[in-house]
Amino acid sequence: MSRAAVLRSEKLVDALLDWFDGRDRDVPWRDESDPFAILVAEVMAQQTRMESVRPYYHRFRERFPDAASLAAADQDEVLKLWEGLGYYARARNLHAAARVIVKRHDGVVPSAPEALRSLPGVGPYTAGAVASIAFGAPEPAVDGNTRRVLGRLFDLERPSPAALERTARELLAAAPSRAAAVNQALMDLGSLVCTPKNPGCERCPVARGCLALGRGTVPERPAAKKTAPKRARFERAVATRNGSKTLVARRRRDGLLGGLWEFPSVVSANEASHVSRRSLATDIERAFGFQVGIGPARHDVTHAFSHFRLSLEVHEARWVSGRLPDAGDDGSGERRYAEWAWCDEMDLERIAVPVYLRRLISSGALRR
Ligand code: SF4
């Protein structure tokens with residue numbers, strides 16, 4: 001790096017740290033020094049707003065104060081504590097990571113970036129965040145906010161991950177003893193000032209050194225990643241009663257919503273309400289091998305996932321005959337469930353279900 005580039009980095013970092021040190025942000029894990037707490041916080045905060053994370057973080061930490069307690073827990077309990085936070089692969093991976101930490105690292109979160117990156121679900125961002133925040137290592141942690149700030153500060157149109165890492169390392173080299181503060185200042189600047197729309201350049205601490213501001217390219221920097229439009233997915237589920245019990249099925253652990261329970265459902269090619277109740281009963285029998293009678297009551301649920309929009313009809317139904325598929329293999333269903341169970345109302349409260357079903361269950365609409 002040239003002398004001029006070094007001087008520029010030093011000025012930017014000085015201004016950034018002055019701003020960071022002078023403000024107070026109520027983030028529950030900012031004062032944490034426990035690497036396990038920081039790992040939990042960083043995993044929870046991915047793709048999730050701080051306000052949503054806060055109560056989950058406190059509950060999770062209370063129940064699992066260290067890697068050993070998380071490693072020893074049943075996955076059902078971990079998923080239940082995560083219920084509503086979304087992106088459940090994070091919970092499953094964090095659980096698996098705790099087991100690796102116990103098995104290979106004596107229950108202590110490793111400090112080396114390579115060892116961190118070898119933990120399940122820990123990518124370059126999380127490894128860099130934990131290495132810098134928990135251990136003070138000058139490792140970059142480039143999340144979406146930092147990508148945007150760096151893209152604008154250095155006027156980068158389509159920065160590759162490698163280019164962003166290099167740029168972040170250059171800034172960290174200007175204050176290696178304050179790596180945690182530099183990384184967090186970049187993230188905070190991106191979430192509070194250098195926002196995607198209407199960035200607050202007039203109150204930005206690094207405006208004087210911002211290349212995109214000087215060149216008038218702020219709105220185009222960095223260029224937005226292309227995202228495919230969300231496709232629609234239609235499903236029909238049956239909330240099947242037999243006496244006081246309701247039938248639920250657990251999704252396989254290796255996929256979307258893996259390990260969560262739901263009312264067994266089938267996918268429709270078209271908007272589900274165009275299909276008759278009789279045809280739904282036939283589809284259920286074909287998929288799972290048992291017979292149900294579909295009642296008139298129906299509850300419509302929608303939910304936006306990252307890649308598709310789900311329209312789900314939950315039909316109230318009654319058990320007629322047949323046997324439940326074997327655990328671990330339901331044979332011919334489009335979605336293969338790992339386990340089946342009859343639940344009373346208290347069980348339904350206890351099991352982990354997707355947030356849109358939790359809302360339906362808690363509304364009391366299914367009670368009779
Ligand atoms: Fe972002 Fe504007 Fe600050 Fe540049 S001057 S870093 S565009 S807020």
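We number each residue from 1, following the sequence as shown. Both counts, for ligands and for their atoms, begin at 1 and track the order of listing. In this text the structure is predicted, and so the values were computed from the model without any measurement.
Residues that satisfy the side chain to side chain contact (heavy atoms under 4.5 Å, CB included) test with Asp155, not counting sequence neighbours, are Leu211, Ala212, Arg215, Thr217, Arg221.
The pair Arg63-Glu77 counts as a salt bridge, with a side-chain nitrogen and a carboxylate oxygen less than 4.0 angstrom apart. Salt-bridge annotation for Glu235 and Arg233: present, with a side-chain N of the basic residue lying under 4.0 Å from a carboxylate O of the acidic one. Taking the charged nitrogens against the carboxylate oxygens, Asp76 and Arg250 do have a contact shorter than 4.0 Å, which makes a salt bridge.
Side-chain contact check for Asp347 versus Trp342: every heavy-atom pair is 4.5 Å or farther apart.
Under the 3.5 Å distance criterion, the side-chain polar atoms of Glu83 are matched with a main-chain donor or acceptor of Val353.
Distances from atom 2 (Fe) of ligand 1 under 2.8 Å pick out these protein N/O/S atoms: Cys201 SG.
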